[in-house]
Amino acid sequence: MTEITPKNTAERHFFRASAADFKKIPGNPIAYWLSRKVIDCFADGVLLGDLVAIRGGMTTANNERFVRLWYEVSGRNFVELTDKETAKWFPYNKGGEYRRWYGNRLWVVNWANSGAEIKETGLASVRSEEHYFSEMIGWTDVTSYSQLGVRYYGKGFIFDASGPAVFPNQDYGFAPLLGFLGSGIASVILQAFNATLHVQAGNIANLPWLAPAETGAVGLTDNVLLLVNHATCDWDASETSWDFSKLPIFTSDVRFDSISASYAKLRSQRDFDTQSMLYLEEQNNRIFIDAYGLQDELTPDVPLEEITLTCNPVYRYGAGKTEAEYEQLQRTDTMKELISYAVGCMMGRYSPDTPGLQFAGGAYDHEKACAAAPRFHPDADGILPVLAEAYFEDDVTTRFAQFLKATFGPEHLSDNLRFVAEAIGIKGSESPQDAIRRFLANDFFKYHTRMYKKRPIYWLFSSGKEKAFQALVYLHRYTPATLARMRTGYLHELQNKLRARIEDMEAGKDAATSTAQTNRINRDLTKLRKQLEELRLYDEKLHHYADQRIEIDLDDGVKHNYGLFGDLLADVKAVTGDKG
């Protein structure tokens, strides 16, 4: 962790300190670099731990068994989507990556019957249970940034040992506490207690609290509420948030028939949000610099890369790139997010007509799903072929074009396809649809797996190296009949189409008018025969697993369930972590 920028850096090469000064700091650390004004804050203020509860949380002793990412489990068992009394999985503050003000709401823990299963192991350490579900402020306990990665969680969370928390009370509400912990001053003082990158509950408890003067306090609450609001909107703009409503490019204030115009408006909004956040963070620093009397020592400046909005390109992609490079990266990611959302609509997880999560487990009702998405119906069987060529009407590339037509209108379909294709990259003489098809066939699943932190919810069934057959299946719509449907409805049909194509090409070879044409046909035939052989072998494996009518329990998590299907699926080791 580094300190907020000092004003007189030239004077900091030599330090003179008194042992008596160190005694003013809890634990008597040899923090020789701290100025007298900073040290006096301990004498003038009150320790934060004397004002509010600050606690480390639970260790389950078996996170693989008891902790999940929220989108793995059935919505019927997750408290945010169902009744608390019947839920199994509860929101879990587990720390996570560096992010400020709001976010990292990804994990759930099995707390059914007040954590009976966890407690029965005899191995877990269930600390501070009296604070579970209380309003809390958490932080990332490991940091190398100039300011603490502190966030507002509100009520409803259990918290982990790696997600320690501060609990506001009637006298000290969350806004001033969050504002202070999110200030550069808090981070400067924390260095006195802890030379490591880990920030523990005890470190936070030993911070001195000096309330801002009335003039500063008036604006502090509004300032912090705006910071939290900006960070909340940014977090919920991603489909990995359980409060995700719709993709931002579809919101009414940026939505045009042209994707390029919609994207331009969205980028303008996001740039404004980033600059607004920067201003608010620096205002927050000013308030506490004044409160602690450190105007001559510290500046309120905040590095742009620490404005932790995903719409901030410097945070998302790292500092040091040109404006053109940032723009290309942003456009590429936004269009990949559009493709991902479209796949979710194809699967019935989302609807372009109805905001919020539509289906995440239970009995799937296709008529109900279609009624919620009148402009673009989800796929009937939840199996989407992902092939290098259009062999099926419900091929994912074909359906993506249908999705754009339904959501942005038919008049601009050609331009919209081109904008998406150019963002993700067109090679050579590819058509826009060919470029999109190539991305979906070769790169989409890897992108999806990264987005969902190696716990994909759209599974890629793949025949192997030749990619002769590939299909996406939505985890929450899988049934024991899915593999049989995939085999008879798709794989066998594809085998027949490849055989017919081979016969046509062999007949065409006799009519070839040049050696080059003959050689090209022979190369294509060799590839098709390899694919057909791959399909034959895959059919044997698929038949074997289809006959087993495998049942999956969503509560077992993606890592376990993905491994039930052997090598029918792509990138098994990356998902299951199996090194064998």
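Every heavy atom of this structure was used, including side-chain atoms; hydrogens, water molecules and symmetry mates were not.
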S.K.: If you measure from CG on Leu537 to CG on Leu542, what distance do you get to the nearest 0.5 Å?
M.R.: 12.5 Å

S.K.: Could you tell me whether Arg437 and Asp395 have a side-chain N and a carboxylate O separated by less than 4.0 Å?
M.R.: yes

S.K.: Just by distance, do the side chain of Trp242 and the backbone of Pro91 share a donor-acceptor pair under 3.5 Å?
M.R.: no

S.K.: For the pair Arg65 (side chain) and Ala61 (backbone), establish whether a donor and an acceptor sit closer than 3.5 Å, ignoring hydrogens and angles.
M.R.: no

S.K.: Less than 3.5 Å apart, any donor N or O on the side chain of His543 or Asp547 sitting next to an acceptor on the other?
M.R.: yes

S.K.: Can you check whether Trp107 reaches Asn93 side chain to side chain, under 4.5 Å on heavy atoms?
M.R.: no

S.K.: If you take the centroid of each ring, where Trp contributes its six-membered ring, are Tyr92 and Phe159 closer together than 6.0 Å?
M.R.: no

S.K.: Provide the closest heavy-atom pair for Gly138 versus Tyr153 in the form atom of the first, atom of the second, distance.
M.R.: N-CD1, 3.6 Å

S.K.: Regarding Arg399 and Asp394, does a basic nitrogen lie under 4.0 Å from an acidic carboxylate oxygen?
M.R.: no

S.K.: Checking Asp236 side chain against Ser245 main chain: does a donor-acceptor pair fall under 3.5 Å?
M.R.: no

S.K.: Does Arg375 use its side chain to pair, donor to acceptor, with the backbone of Pro352 at less than 3.5 Å?
M.R.: yes

S.K.: Determine the sole option in Arg501, Lys497, Lys527 for which the salt bridge (charged side-chain N to carboxylate O under 4.0 Å, His left out) test with Glu389 is passed.
M.R.: Arg501

S.K.: Show your reasoning for whether salt bridge (charged side-chain N to carboxylate O under 4.0 Å, His left out) applies to Glu540 and Arg536.
M.R.: CA-CA 7 Å; Glu540 292 177 358; Arg536 184 188 68 78; 3.0 Å; yes

S.K.: Step by step, work out the salt bridge (charged side-chain N to carboxylate O under 4.0 Å, His left out) result for Asp555 and Lys88.
M.R.: CA-CA 9 Å; Asp555 287 343; Lys88 177 177 181 179; 3.6 Å; yes

S.K.: Examine distances only and state if a side-chain atom of Ser268 and a backbone atom of Ala264 form a donor-acceptor pair shorter than 3.5 Å.
M.R.: no

S.K.: Within the side chain of Asn110, is there an N or O that forms a donor-acceptor pair under 3.5 Å with the backbone of Phe66?
M.R.: no

S.K.: Looking just at side-chain N and O atoms, do Thr398 and Glu393 make a donor-acceptor pair shorter than 3.5 Å?
M.R.: no

S.K.: Measuring centre to centre across the rings, with the benzene-like ring taken for any Trp, is Phe469 within less than 6.0 Å of Tyr490?
M.R.: no

S.K.: As a quick check of understanding, evaluate ring-ring contact (aromatic ring centres under 6.0 Å, His included) for Phe250 and Tyr341, giving each step before the final call.
M.R.: CA-CA 11 Å; Phe250 286 104; Tyr341 177 69; 5.5 Å; yes

